[in-house]
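Report on the structure given below.
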Amino acid sequence: FRTTDACGNQSNPPTAVNVSLRDNVAPTITCPAPQTRNWNGSCQYTIQDFRGLATTSSTGCGTPNSITQRVIAPFIGASDDFAATVSAAGTCPSTRTFTIRLCATDCFGNGGDAGPNNSVPANCCSFVLTVTDVTPPTPNAANCPPQIIVNADANCSIVVPDRRSANLFSDNCDPINVANIVQIPAPGSSLAVSPICSPGRTIDLTFTYTDCNGNGPASLTCPGSILARDITPPTITCPTIPPVVNLSLDPVSCTYTSVTIPANFFAGLSVARDNCDPMPVVTSNAAGPFDCSQLGLHAVTVTATDCSGN
């Protein structure tokens with residue numbers, strides 16, 4: 001270029017000046033929509049690289065703008081730390097939210113990461129990452145409770161014991177709250193178990209569990225968890241009117257001889273009842289022989305036995 005003084009004189013020859021053009025405007029960036037990811041089988045999540053989901057303004061270098069990533073809430077993470085693992089194991093509910101900041105840098109160095117803080121300058125943006133638990137609990141059949149013996153009452157019912165325990169299920173995030181395990185039949189409920197015969201009647205228990213994040217229910221059936229037994233003997237009522245048995249008559253001498261009461265003579269005459277056996281067996285021993293010198297009433301022992309051996 002030429003310079004001209006106040007009198008109109010110009011420099012000769014023209015003077016050459018080198019001019020450098022520089023971009024000092026920071027790029028802009030647009031973050032992705034809120035993201036949702038899931039905890040793994042250990043209730044952990046490794047912060048992934050979200051930079052590919054962002055878009056930035058064009059650069060004057062003909063090359064893409066570079067992007068950095070950093071967690072800024074609920075903690076300040078390291079820049080571009082894609083190995084950072086977070087966990088919610090043992091806590092309920094397990095949903096966690098994280099704020100991710102993405103910052104753009106152009107080829108002139110404009111922009112860049114804003115540092116270990118939670119600010120979001122013009123060349124940065126942020127979005128929310130939500131990590132949830134979608135894994136249902138796992139039933140542990142090997143941990144079914146050992147069989148327990150419960151005796152039936154006079155109505156052939158039992159009170160169902162509480163057989164719940166935390167080791168019936170496992171979960172990636174939930175520490176298993178025993179109070180939330182559902183047992184069927186319910187603990188403390190009355191359960192009719194008739195009929196019962198030796199060695200007893202087995203009862204299956206079913207357990208279900210829904211974790212604190214709403215996953216489930218998982219179900220576990222434990223066969224033969226309860227052995228219901230009948231230890232109550234039956235009752236028996238003898239005939240109100242004693243049966244009359246006549247002596248045998250000898251047809252040759254036309255005289256009375258004797259009579260023997262056969263075994264189980266009273267089986268059809270006595271009434272037996274039992275709490276758990278609808279058909280207890282009535283037995284009686286043979287009695288006699290009785291002759292003319294033994295006329296009158298005689299005691300005969302009649303026994304009722306249920307199918308449990310009572």
Side-chain angles (χ1 to χ4, degrees), residues 25-59 64-106 109-140 166-182 207-219:
V25 178
T28 59
I29 185 171
T30 302
C31 276
Q35 300 291 303
T36 300
R37 298 294 186 270
N38 300 322
W39 299 113
N40 65 14
S42 300
C43 204
Q44 296 179 332
Y45 171 74
T46 300
I47 304 293
Q48 68 187 86
D49 187 349
F50 291 99
R51 295 177 300 175
L53 301 181
T55 56
T56 67
S57 58
S58 60
T59 175
N65 292 317
S66 62
I67 301 175
T68 58
Q69 175 178 307
R70 186 190 295 266
V71 177
I72 60 172
F75 61 90
I76 305 298
S79 178
D80 294 341
D81 183 2
F82 306 118
T85 298
V86 291
S87 174
T91 58
C92 288
S94 307
T95 299
R96 297 289 183 272
T97 57
F98 303 89
T99 302
I100 308 294
R101 183 181 68 196
L102 300 177
C103 296
T105 307
D106 65 18
N110 298 306
D113 180 65
N117 55 65
N118 59 5
S119 65
V120 184
N123 68 303
C124 301
C125 63
S126 65
F127 66 96
V128 173
L129 165 67
T130 302
V131 185
T132 62
D133 173 29
V134 296
T135 304
T138 300
N140 300 321
N167 62 2
L168 292 174
F169 297 92
S170 56
D171 190 73
N172 60 332
C173 296
D174 187 340
I176 307 298
N177 185 347
V178 175
N180 293 335
I181 297 177
V182 177
F207 304 91
T208 63
Y209 189 73
T210 300
D211 70 21
C212 61
N213 299 303
N215 302 304
S219 180

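Treat the numbers as computed from the prediction; the structure is a model and nothing was measured. Atoms considered below: every heavy atom in the structure, side chains included; atoms not considered: hydrogens, waters and symmetry mates. Along the sequence shown, residues are numbered consecutively beginning with 1.
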Gap between atom [atom2] of [Y] and atom [atom1] of [X] - 0.5 Å precision:
X    : Y    : atom1 : atom2 : value
I47  : D49  : CD1   : CG    : 11.5 Å
I29  : L102 : CD1   : CG    : 5.0 Å
I176 : I181 : CD1   : CD1   : 6.5 Å
D211 : T135 : CG    : OG1   : 8.5 Å
N140 : S170 : CG    : OG    : 4.0 Å
D81  : R70  : CG    : CZ    : 9.5 Å

State, to 0.1 Å, how close [X] and [Y] come at their nearest heavy-atom pair, and which atoms those are.
X    : Y    : result
N213 : S94  : OD1-N, 2.8 Å
N117 : R101 : O-NH1, 3.0 Å
A88  : W39  : CB-CZ2, 3.5 Å
F50  : Q69  : N-OE1, 2.8 Å
G216 : P136 : N-CB, 4.2 Å
G111 : A26  : N-CB, 3.9 Å

Would you say that [X] contacts [Y] through its side chain, given a criterion of any heavy-atom pair below 4.5 Å between the two side chains?
X    : Y    : value
F98  : R37  : no
T210 : N180 : no
I100 : Q35  : no
N40  : N172 : no
V120 : I72  : yes

Within the distance-only criterion (no hydrogens, no angle test), does the side chain of [X] pair as donor or acceptor with the backbone N or O of [Y] below 3.5 angstrom?
X   : Y   : result
Q48 : T46 : no
S42 : Q44 : no
D80 : T68 : no

- Task: Show the numbers, then the answer: is there a side-chain contact (heavy atoms from CB on, under 4.5 Å) between V86 and F75?
- Result: CA-CA 11 Å; V86 291; F75 61 90; 3.9 Å; yes
- Task: Give yes when the SG atoms of C125 and C31 are nearer than 2.5 Å, otherwise give no.
- Result: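 A disulfide is present here, as the SG pair of C125 and C31 is separated by less than 2.5 Å.
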- Considering only the SG atoms, does C92 lie under 2.5 Å from C173?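 Cysteines C92 and C173 do not qualify as a disulfide pair, their SG atoms being 2.5 Å or more apart.
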- Set of residues satisfying side-chain hydrogen bond (donor to acceptor under 3.5 Å, both in side chains) with respect to N38, sequence neighbours excluded: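 With sequence neighbours excluded, N38 shows a side-chain hydrogen bond (donor to acceptor under 3.5 Å, both in side chains) to T132, given in chain and number order.
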- No-hydrogen, no-angle side-chain donor-acceptor test under 3.5 Å, Y209 and D171: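 On atom types as modelled, these side chains do not qualify, holding no pair under 3.5 Å.
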- Query: Side chains of N215 and D133: do they bring a donor and an acceptor to under 3.5 Å?
  - Reply: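 Judged by distance alone, the side chains do pair up.
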- Message: Under the rule for side chain to side chain contact (heavy atoms under 4.5 Å, CB included), what residues qualify as partners of T55, not counting sequence neighbours?
- Response: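 For T55 the side chain to side chain contact (heavy atoms under 4.5 Å, CB included) partners, ignoring immediate neighbours, are T30.
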- Task: Check T28, D106, T56 against N65 for a side-chain hydrogen bond (donor to acceptor under 3.5 Å, both in side chains) and give me the one that passes.
- Result: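 Between N65 and the candidates, side-chain hydrogen bond (donor to acceptor under 3.5 Å, both in side chains) is satisfied uniquely by T56.
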